[in-house]
Novice: 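Before we start, here is the structure in question, set down as structure tokens.
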Amino acid sequence: MSNQAPNQARVIPLRPPSARPGTARPVSERPATTPPRPLAPQVPASTETREPLWRDLVGDVLRRERLAQERTLKDVADAARISMPYLSEVERGRKEASSEVLAAAAHALGLGLGDLLSLAQGELTRHSARGRGPVRGSSYDGMCLAA
């Protein structure tokens with residue numbers, strides 16, 4: 001059994017005593033502040049080519065198609081029965097949308113799901129060609145998606 005009274009809570013401090021307000025060390029005892037260290041070495045963009053994420057490519061295609069049709073985000077979201085904030089996040093590549101959501105957004109824009117994916121695949125192919133040049137021995141020019 002505990003020696004504490006039954007209605008009292010046990011308090012466990014989250015900070016050490018020296019970090020609590022009112023118990024600060026004198027200035028002479030405080031450690032010198034050092035500038036923050038970078039998390040990763042900085043590599044110039046020209047030496048590193050990063051492939052884009054699929055969600056970024058699909059989002060770019062959705063946004064480009066919507067703007068080409070001069071439609072608002074609200075209009076397309078309503079037609080697709082998707083919330084406007086969610087569609088915005090998908091367009092910005094912040095959300096990994098399901099195939100149902102992508103199909104609904106594509107259909108709201110007058111595209112099929114295959115059309116949307118084909119356009120995104122074309123963007124990926126163009127990006128890869130810019131970054132690395134043509135792939136040797138590769139004659140395949142189609143789309144392949146694996147589940």
Side-chain angles (χ1 to χ4, degrees), residues 2 8-27 29-147:
S2 169
Q8 286 185 331
R10 185 171 161 212
V11 177
I12 301 171
L14 298 177
R15 293 186 216 141
S18 62
R20 284 192 217 133
T23 60
R25 292 184 272 177
V27 174
E29 294 179 20
R30 290 185 191 155
T33 58
T34 57
R37 207 177 70 200
L39 297 177
Q42 299 297 322
V43 178
S46 61
T47 61
E48 178 187 343
T49 56
R50 203 182 89 185
E51 285 189 326
L53 297 175
W54 184 249
R55 67 176 183 241
D56 291 327
L57 295 169
V58 171
D60 288 344
V61 169
L62 286 172
R63 177 166 284 177
R64 190 174 51 247
E65 288 296 317
R66 178 178 61 79
L67 294 175
Q69 295 177 19
E70 298 180 353
R71 294 176 66 187
T72 65
L73 194 61
K74 182 173 180 9
D75 176 42
V76 175
D78 288 346
R81 301 183 56 79
I82 302 169
S83 77
M84 191 173 67
Y86 187 75
L87 182 58
S88 173
E89 297 249 326
V90 169
E91 282 189 356
R92 289 183 286 143
R94 301 262 174 110
K95 294 291 183 186
E96 193 82 49
S98 69
S99 57
E100 291 87 357
V101 168
L102 293 177
H107 290 155
L109 292 167
L111 300 171
L113 181 58
D115 299 327
L116 174 65
L117 299 180
S118 180
L119 290 168
Q121 188 264 341
E123 288 295 312
L124 180 60
T125 302
R126 276 189 288 286
H127 184 275
S128 296
R130 278 192 310 255
R132 292 189 301 249
V135 179
R136 281 191 192 159
S138 175
S139 60
Y140 181 72
D141 191 24
M143 179 173 58
C144 178
L145 296 176

Novice: Mind checking salt bridge (charged side-chain N to carboxylate O under 4.0 Å, His left out) for E65 and listing every partner two or more places apart, or none if nothing turns up?
Specialist: none

Novice: Does T72 offer a backbone N or O that forms a donor-acceptor pair with the side chain of D75 under 3.5 Å?
Specialist: no

Novice: Between E96 and L53, does a side chain to side chain contact (heavy atoms under 4.5 Å, CB included) hold up when you go through it step by step?
Specialist: CA-CA 10 Å; E96 193 82 49; L53 297 175; over 6 Å; no

Novice: What distance separates R64 CZ from Q69 CD, expressed to the nearest 0.5 Å?
Specialist: 12.5 Å

Novice: How close do S128 and E51 get, heavy atom to heavy atom, and via which atoms?
Specialist: OG-OE2, 3.8 Å

Novice: Find the distance between CG (L73) and CD (E91) and round it off to the nearest 0.5 Å.
Specialist: 5.0 Å

Novice: Any side-chain to backbone donor/acceptor pair from R55 onto K95? Under 3.5 Å, distance only.
Specialist: no

Novice: What distance separates L109 CG from R71 CZ, expressed to the nearest 0.5 Å?
Specialist: 5.5 Å

Novice: For the residue pair L113 and A103, what are the closest heavy atoms and their distance?
Specialist: CD1-N, 3.9 Å

Novice: Kindly compute the distance separating CG (L119) from CG (D60), expressed to the nearest 0.5 Å.
Specialist: 12.0 Å

Novice: Could you state the interatomic distance from CG (L62) to CG (L116), rounded to the nearest 0.5 Å?
Specialist: 5.0 Å

Novice: Output a table of donor-acceptor pairs, distance under 3.5 Å, between side-chain atoms of residues 78-88 and any protein atom two or more places apart or on a different chain; print 'none' if there are none.
Specialist:
unit_1: D78; atom_1: OD2; unit_2: K74; atom_2: NZ; d: 3.0
unit_1: S83; atom_1: OG; unit_2: Y86; atom_2: N; d: 3.2
unit_1: S88; atom_1: OG; unit_2: R92; atom_2: NE; d: 3.3

